[in-house]
Amino acid sequence: MKILVLPGDGIGPEITEATLRVLEVADRRFGLGLEFEMADIGLKSLAEQGTTLPDAVLERIPEVDGVILGPVSHYDYPTKQEGGFNPSAELRVRFQLFANVRPCRSRVGLSILRTPMDLIIVRENTEGFYSDRNMFAGTGEFMPDENSAFSIRKVTARASERVARAAFELARDRRKKVTAVHKANVVKLSDGLFLREVRKVAAEYPDVELQELIVDATAALLVKRPEQFDVIVTTNMFGDILSDEASELSGSLGLGGSLNLGEEIAVAQAQHGSAPDIAGRGIANPTSLILSAAMLLDWRGRQDGDQRLVDAAAAIQAAVEQAIDNPDTRTGDIGGTLGTEEFAAHVLAHLGQNVTAATTS
Ligand code: NAD
């Protein structure tokens with residue numbers, strides 16, 4: 001399996017290095033045949049090549065089996081004309097990574113929730129309120145005068161249908177419930193279209209329950225009754241916000257994995273941003289990117305019928321959970337004292353033990 005690795009900005013290089021260490025051990029122990037190819041994006045490639053997203057990177061993506069994308073500091077980028085492309089958005093649109101899959105599970109002792117949370121948010125990834133990806137030409141945001149600004153929101157039947165299908169497929173293997181989150185009481189046309197497509201897909205999955213919920217109520221219910229959610233499907237910005245909320249409720253923004261799913265390619269990407277406030281200090285929690293990389297292995301394994309990749313993903317996930325479960329082996333963001341590398345070393349130790357136990361039992 002060829003993996004293109006794009007470390008990104010801020011804490012990106014630190015958490016990517018920790019993630020690669022985990023993958024290299026999994027590779028050796030499960031005989032996965034992983035090949036890593038590193039490439040610069042973001043502020044580093046901007047300084048060296050004049051763009052945050054070099055053409056060579058874009059050309060390579062269709063030729064590999066998966067991509068690991070570190071967080072990027074796109075808020076600090078210059079305009080596109082000056083080479084400042086948001087790699088995250090560009091990859092999602094160019095390679096039609098239509099579903100952003102974000103699991104969230106609460107951990108005892110870390111979560112502030114009174115009842116357990118174990119859900120997946122499936123977020124539409126290519127349109128919605130994110131106006132920078134909504135136009136063939138020109139920009140979806142404009143200012144007719146200095147005191148008025150407009151932003152174009154786009155919802156299409158095709159994008160709604162395919163993200164809904166991804167959600168129902170996931171729910172089928174879980175607790176068989178999909179909650180479609182919307183604001184169709186106000187944005188009647190666009191969220192009405194989204195719901196129309198979700199209902200059409202739901203009719204093909206009679207074994208899966210469909211619930212429809214308004215986004216503000218969902219935000220509250222995530223806190224009050226998180227156990228009622230299994231798979232949530234929603235439009236781009238609602239999914240972005242709700243998944244951060246769910247992640248934080250589960251213990252920390254640094255804990256949730258995230259996979260951008262396309263027909264042919266998937267991109268593993270941490271849920272959080274580039275955390276410039278702690279970059280370079282070796283204290284970032286690498287869990288989100290490690291779990292995202294495990295999701296990538298699992299996805300590829302299922303696509304190709306390669307059980308070794310699926311097993312390796314499960315072992316990595318179990319090792320991460322074991323490290324997090326122990327208060328003595330946690331990073332600072334979740335009340336521990338360990339830095340990025342030390343935490344990764346504990347994940348590696350658990351990974352080794354899990355594999356030894358599995359092969360000797
Ligand atoms: P952020 O997610 O980077 O940070 C929010 C807070 O969480 C900060 O206090 C940070 O220190 C902490 N945090 C985040 N990840 C952590 C981790 N792994 N371990 C420990 N603490 C962690 O959000 P922000 O500060 O709003 O954005 C910073 C930059 O990241 C901006 O340029 C923004 O545009 C960008 N961003 C990128 C992505 C992405 O690449 N997918 C997503 C969101 C934001």
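Both ligands and their constituent atoms are indexed starting at 1 by order of listing.
Applying the salt bridge (charged side-chain N to carboxylate O under 4.0 Å, His left out) test to every pair with at least one member in residues 122-143, sequence neighbours left out, gives these pairs: Arg123-Asp240.
At a threshold of 4.5 Å between non-hydrogen side-chain atoms, the residues Glu227 and Leu113 do not count as touching. For the pair Thr235 and Arg153, the minimum side-chain heavy-atom distance is below 4.5 Å. At least one side-chain heavy atom of His182 sits less than 4.5 Å from a side-chain heavy atom of Ile214.
Per-atom contact check: atom 36 (N) of ligand 1 touches the protein, criterion being a heavy-atom distance below 4.0 Å. In this structure, atom 24 (P) of ligand 1 has its sub-4.0 angstrom surroundings free of protein heavy atoms.
Of all the heavy atoms of Pro276, the ones lying under 4.0 Å from any atom of ligand 1 belong exclusively to the side chain. Counting heavy atoms under 4.0 Å from ligand 1, residue Val72 touches it through both backbone and side chain. The proximity of Asp277 to ligand 1, defined as any non-hydrogen pair under 4.0 Å, is limited to the side chain. Counting heavy atoms closer than 4.0 Å to ligand 1, residue Ile11 contributes side-chain atoms (C-beta onward) but none from N, CA, C or O.
Here the side chain of Thr19 pairs a donor or acceptor atom with the backbone of Ile15 at under 3.5 angstrom. For Ser131 (side chain) and Ser151 (main-chain N/O), no donor-acceptor pair under 3.5 Å exists by modelled atom type.
Ligand 1 places these atoms under 4.0 Å from at least one heavy atom of Ala284: 19 (N). Ligand-side atoms of ligand 1 in range of His74: 32 (O), 34 (O), 36 (N), 37 (C), range being under 4.0 angstrom from any heavy atom. Under a 4.0 Å criterion applied to the non-hydrogen atoms of Pro71, ligand 1 contributes the atoms 40 (O). For ligand 1, the atoms lying closer than 4.0 Å to a non-hydrogen atom of Tyr75 are 31 (C), 32 (O), 34 (O).
Using a 4.0 Å cutoff on heavy atoms, Ser288 does not count as a contact of ligand 1.
Taking any N or O of Ser88, backbone or side chain, none lies under 3.5 Å from an N or O belonging to ligand 1. Taking any N or O of Gln269, backbone or side chain, at least one lies under 3.5 Å from an N or O belonging to ligand 1.
Few gaps surround CD on Glu321; more than 12 heavy atoms of other groups in view lie less than 6.0 Å from it. No more than 12 heavy-atom neighbours from other residues, nucleotides or ligands sit within 6.0 angstrom of CZ on Arg114. Remark: Lys44 NZ is loosely packed, at most 12 non-hydrogen atoms of other residues, nucleotides or ligands lying under 6.0 Å away.
Among protein heavy atoms, the minimum distance from atom 5 (C) of ligand 1 is reached at Leu253 CD2, 4.4 Å. Of the protein's non-hydrogen atoms, Ile278 CD1, 4.1 Å is the one closest to atom 22 (C) of ligand 1. Of all protein heavy atoms, the one closest to atom 38 (C) of ligand 1 is Gly273 CA, 3.6 Å. Remark: minimum distance from atom 18 (N) of ligand 1 to any protein heavy atom is reached at Asn285 O, 2.9 Å. Here the heavy atom of the protein found nearest to atom 4 (O) of ligand 1 is Ala275 CA, 4.3 Å.
Checked against side-chain hydrogen bond (donor to acceptor under 3.5 Å, both in side chains), Glu82 has the following partners two or more places apart in sequence or in another chain: Thr79.
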Query raised in the report: Could you go step by step and tell me if Glu161 and Arg158 meet the salt bridge (Lys or Arg N to Asp or Glu O under 4.0 Å) rule?
Result: CA-CA 5 Å; Glu161 187 265 340; Arg158 170 83 185 107; 3.2 Å; yes

